[in-house]
Amino acid sequence: MKKLESREDIELLVNSFYKKVIIDETISSFFNDIANVNWDKHLPKMYSFWETILFGQMSYKGNPMGVHFPINEIQAMEQKHFDRWLQLWKTTVEENFTGENADTAIYKAENIAKLMAFKMDIARRL
């Protein structure tokens, strides 16, 4: 196992993660059917997002929360969906990497999942 320490490592992590996501019974419909994700555009954004989160490169420009609200209006994004997203992320990190940045990638994802689940729930109640 290697340390998570470069943009190339992030690309490997993100690509491996989304290979799981697109076939997952619990969350794939959000990506494939509702958002109809253009992977050629989405993946580079996710590389930049995680590069910013983990390495402070400030390469990501966007509003991840804002992108999810319209999807949540079409189909509720519930705690179970974020739990599954997190489970896939943690498994993918642990299969490929070790060390402080790998631990940080999991920790940050846990916080993201909690915040997103909370905000999507609140939005459905308004």
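All heavy atoms count here, side chains included; hydrogens, waters and symmetry mates do not. Residue numbers start at 1 and run along the sequence shown.
- Between Leu12 and Asp9 the shortest side-chain heavy-atom distance does not fall below 4.5 Å.
- Between His42 and Tyr18, the ring center distance clears the sub-6.0 Å criterion.
- Shown are Lys61, Arg7, Lys45; of these, the salt bridge (charged side-chain N to carboxylate O under 4.0 Å, His left out) with Glu51 is made only by Arg7.
- No path of Ile, Leu, Val, Met, Phe, Trp and Tyr side chains, each step under 4.5 Å between heavy atoms, connects Tyr107 with Leu86, placing them in separate hydrophobic clusters.
- At a cut-off of 3.5 Å, with distance as the only test, no side-chain donor of Lys2 or Thr98 sits close to an acceptor on the other residue.
- What you find for Lys108 and Trp50 is that their closest heavy atoms are CB-CZ3, 4.1 Å.
- Criterion: ILVMFWY side-chain heavy atoms under 4.5 Å apart, direct or through other members. Under it, Val21 and Val67 are not part of a common hydrophobic cluster.
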What's the verdict on side chain to side chain donor-acceptor pair (under 3.5 Å) for Asp83 and Gln87, showing C-alpha distance, side-chain angles and the deciding distance? CA-CA 6 Å; Asp83 290 345; Gln87 181 183 26; over 6 Å; no
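- If you look at Tyr47 and Tyr60, their ring centroids are not closer than 6.0 Å.
- Between Lys20 and Asp24 the shortest side-chain heavy-atom distance does not fall below 4.5 Å.
- Rounding to the nearest 0.5 Å places OG of Ser48 at 11.5 Å from CD1 of Ile53.
- Residue Ala76 comes nearest to Arg124 through the heavy atom pair CB-CD, 3.3 Å, listed as atom of the first residue, atom of the second, then distance.
- Classification of the Trp85-Trp89 ring pair by plane angle, with boundaries at 30° and 60°, yields parallel.
- The two residues Asn101 and Leu54 come nearest to each other via the heavy atoms O-CD2, 3.9 Å.
- The side-chain heavy atoms of Gln75 and Ser29, taken from C-beta on, include a pair separated by under 4.5 Å.
- At least one side-chain heavy atom of Met65 sits under 4.5 Å from a side-chain heavy atom of Met120.
- Side chain of Asn72 to backbone of Ala123: no donor-acceptor contact under 3.5 angstrom is found.
- Heavy-atom minimum distance, Pro64 versus Phe49: CG-CE1, 4.0 Å.
- A 4.5 Å side-chain heavy-atom check between Phe30 and His68 finds every atom pair outside the cut-off.
- In this structure, Phe97 and Met1 approach most closely via the heavy-atom pair N-SD, 3.6 Å.
- With respect to the salt-bridge test (charged N to carboxylate O, under 4.0 angstrom), the residues Glu78 and Arg84 do not qualify.
- With hydrophobic clusters built from ILVMFWY side chains whose heavy atoms lie under 4.5 angstrom apart, Trp39 shares a cluster with Val14.
- One distance of note links OG1 of Thr91 with CD1 of Ile106; it measures 8.5 Å at 0.5 Å rounding.
- No more than 12 heavy-atom neighbours from other residues, nucleotides or ligands sit within 6.0 angstrom of CE on Met58.
- Using a distance-only test at 3.5 Å, with no hydrogens or angles considered, no donor-acceptor pair links the side chain of Ser16 to the main chain of Thr92.
- Between Met77 and Ile71 there is a side-chain heavy-atom pair separated by less than 4.5 Å.
- Here Arg125 pairs with Asp121 in a salt bridge; the nearest charged N to carboxylate O distance falls below 4.0 Å.
- The hydrophobic clustering, which links ILVMFWY residues whose side-chain heavy atoms are closer than 4.5 Å, places Phe69 and Ile27 together.
- The number of heavy atoms from other shown groups lying within 6.0 Å of CD (Glu100) does not exceed 12.
- In terms of heavy-atom proximity, Val93 sits nearest to Ala102 at CG1-O, 3.6 Å.
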